[in-house]
Colleague: 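The structure follows.
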Amino acid sequence: MTTGEPRTLDELTLGDSLTLQELVDSTALSEMAMGFYDLFRVPLRIFSESGQLLGDAAPQPGLHAYLAEFSAGRTALNETVAAVKSADPGADGEAGVSCFTGAQYHVVAISYDGRRLGRMVLGPFLAASLKVLPDALQTVIPEGDDGKAKELLSKMSRARPETVSQIARHLKSTLDLILFSGHKALLTSNMHLASVRESFRELQDKNDKLQEAYDRLKELDRLKSNFLATVSHELRTPLTSIIGYSEMLSEGIAGDMTDEQTEFVRTIHEKGEQLLELISSLLDLSKLESGTLQMRRLEVNIGGVIKDVVATLTPTAIKKNVRLKQEVGDDLPSLSADGPRLRQVLVNLTENAIKFTPANGVVVVSAKATEMDSDGDGGHVLFATMTAAVEMRVADSGIGIPDAEKTKIFDAFYQIDSSSTREAQGTGLGLSIVKRLVDGHGGTVKVEDNQPEGAVIVVTIPRKAATVVD
Amino acid sequence: MQLDFTARELTIKLVYYGPALSGKTTNLQALHAAADPGSSGRLMTLETKDDRTLFFDLLPLTFKGKGDLSVRLKVFTVPGQVIHGATRRLVVQGADGVAFIADSQNAETQHNAEAFLDLRENLKANGFSLSQMPLIIQFNKRDMQDVRTDEELGKLASQGKEPVYLAVATWGDGVVESFMGLLKLTWDALDSQHRLADKFGLESNEFMQEVASQLGMGDRSMDNIFDAAVGGKQKVLNPGVSK
């Protein structure tokens, strides 16, 4: 077993590698031993199989302290300690050791699951029946004060050896319960660890597989975008001819036509233009998706862009009998952005707004200085200059957008009303292009409800290209 | 299997597998009750308050044959619940033999089959093949209503290769017989692999007899005990035949 590495189930249940140290807490064991000492007045020490002292409730008897003052006394005491250490109680038995002082030691094996894990030493104690002190005491330290030694000896714990055996058995059964509980807890925690590791490994496997699948899908998506770009490009070339020639025909360049013929040709021309628009949108989208569209950010006067967009789309609004207004303050700061792309964003949004606003409705395009939303995490004073942004709002008085649809409308080809009989025309690409263009600027786009009815698309673009808000 | 040459000690790991609630823990409890207190340790059940058997039960049994080899049998159960897949895989690691405890109730047939496939997968994940694993199947809960009939099980068992036992673990019926059948198969497999009899002078019959007497079946003959299996008997009585 290497330290720090949790042990395997097999090591913990099959092998013989269990130690007393890992099953019991040394401090708590000392407390328990102390409790036994208080109760029976028999000193007690508990050792691991490797000889480490784990529980100590054996204050040094006064006699031993006195004997240790003499060199011969120390030697004789050390001999006793060595005898106690080498006493072999067997796998699950007991052994007795007698000291020259007349004191006795009782060495008892601590075993668990048929294996010895350590030993406990009870003693020194004097047999309760002992009346006369052994001569050895006088022989070993003739220079000692016999009276004092005798007095100290009389203070030593006294017990009947049978009682000590009984105490030892009681202690053993208590320890056995503690060891069993300790083993169980050790197994449980190791099993928990092993289970968690195993589950983690399983999850890791699954994650790897998911990542693989994700990478493959991303690659497929890239291929799809490439395909879309190629096809759009290839479609545009012949379409240009169709539009050009139909326009020339309708203008009578190739000769006069009947009114009906002219109308047919105009229809061809009109539908051709629609198709071209769709293909251009697709091309834009695929470029945006494949990340090949480069943003060229320059200082842009957003007020000017809005005026231009409103002027461009006013005829469309008039045709639908929708009022198109702009609300731009004079103090609007400039912003670093790709001007034509930003214009495209506003055109798409405004066109959409007009499209979904009924006659006599109103569409308002506005802009104001704001800050990027930092999720209310605080630190305003640190980020204020970096989060400065411009917010553009396109509000309409149309049917509005249900809550459930508010995030979906930015998906490519998504139409709230996807029935073939829907009133409004469109490819379903406008908003997804807006979303990608805004993303390209590091900005955000969201939908809010307009009051009393309709929807507001809110686009927020940071004023500087690099921002700490992602 | 773990072999400690210096201590001359052999540890064999037996695993009780099966669907949730099929009576694996009850089998161990009955086995524990039957065992001589001197030879068996405490039955350790690792569980939490929301699961009956979270991790496993562990029953240590120690036997000493005529040779100087002592044999420790560690009997484990695995949690049957689906969520403990990882634990089942860990517990079944290093198993020397498997007792599959099936639920006799008709309604549990599907769960039995699923658990068996799960066992196969988990052995495979540990690099073992079920076909090489000493295995017995016990149909437990014979006392319940709406169970698969003796005739049906007997017929199916006779077609299969592993011994099949019928049991009511709550009464202790068939528990020791199933265990003895599993131990015999496992011992013979380990013996042929590690030549235990040659190395340690511990003969199969002698060992089985010793275990039987410690499990309170000393008065029955081995043949009588092994005869409890309703199928695949050949393999238990005469392992040489199937090899």
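In the text below, chain A, chain B and the rest are named by the order of the sequence lines, each starting its count at 1.
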Colleague: Mind jotting down which residue pairs meet the salt bridge (Lys or Arg N to Asp or Glu O under 4.0 Å) criterion with at least one end in residues 80-100 of chain A? Sequence neighbours excluded, please.
Modeller: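 Output for this query lists A:D88-A:R116, A:D92-A:K172.
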Colleague: For atom NZ of A:K224, is the number of surrounding heavy atoms from other residues, nucleotides or ligands below 6.0 Å larger than 12?
Modeller: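 Yes, NZ of A:K224 has more than 12 neighbouring heavy atoms, counting only those of other groups under 6.0 Å.
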Colleague: Using modelled atom types only, decide if a donor and an acceptor are shared between the side chain of B:R89 and the backbone of A:E198 within a distance under 3.5 Å.
Modeller: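 Looks like no, no N/O pair under 3.5 Å.
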Colleague: Side chains of A:D113 and B:K74: does their closest heavy-atom pair fall under 4.5 Å?
Modeller: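 Yes, side chains in contact.
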Colleague: Assess whether atom CZ of A:R158 is packed by more than 12 heavy atoms of other residues, nucleotides or ligands within 6.0 Å.
Modeller: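 Yes, CZ of A:R158 has more than 12 neighbouring heavy atoms, counting only those of other groups under 6.0 Å.
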Colleague: Write out, in numerical order, the residues from residues 30-48 of chain A with a heavy atom short of 4.5 Å from a heavy atom in chain B.
Modeller: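 Counting heavy atoms that sit under 4.5 Å from chain B, no residue of residues 30-48 of chain A is involved.
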Colleague: Ignoring hydrogens, what is the shortest heavy-atom contact between A:S195 and B:T87? Give both atom names and the distance.
Modeller: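 Smallest heavy-atom distance, with atoms named: OG-OG1, 3.1 Å.
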Colleague: Where along residues 92-102 of chain B does a heavy atom come under 4.5 Å of chain A, listed by residue number?
Modeller: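 Answer by number: B:Q93, B:G94.
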Colleague: Go through the structure and list residues passing side chain to side chain contact (heavy atoms under 4.5 Å, CB included) with A:S98, not counting sequence neighbours.
Modeller: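 For A:S98 the side chain to side chain contact (heavy atoms under 4.5 Å, CB included) partners, ignoring immediate neighbours, are A:Q104.
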Colleague: Please give me the minimum heavy-atom distance between A:S199 and B:A86, naming the atom from each residue.
Modeller: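 Closest approach of A:S199 to B:A86: OG-CB, 3.9 Å.
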Colleague: Do A:H183 and B:R42 come close enough that some side-chain heavy atom pair is under 4.5 Å?
Modeller: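 Sidechains of B:R42 and A:H183: no contact.
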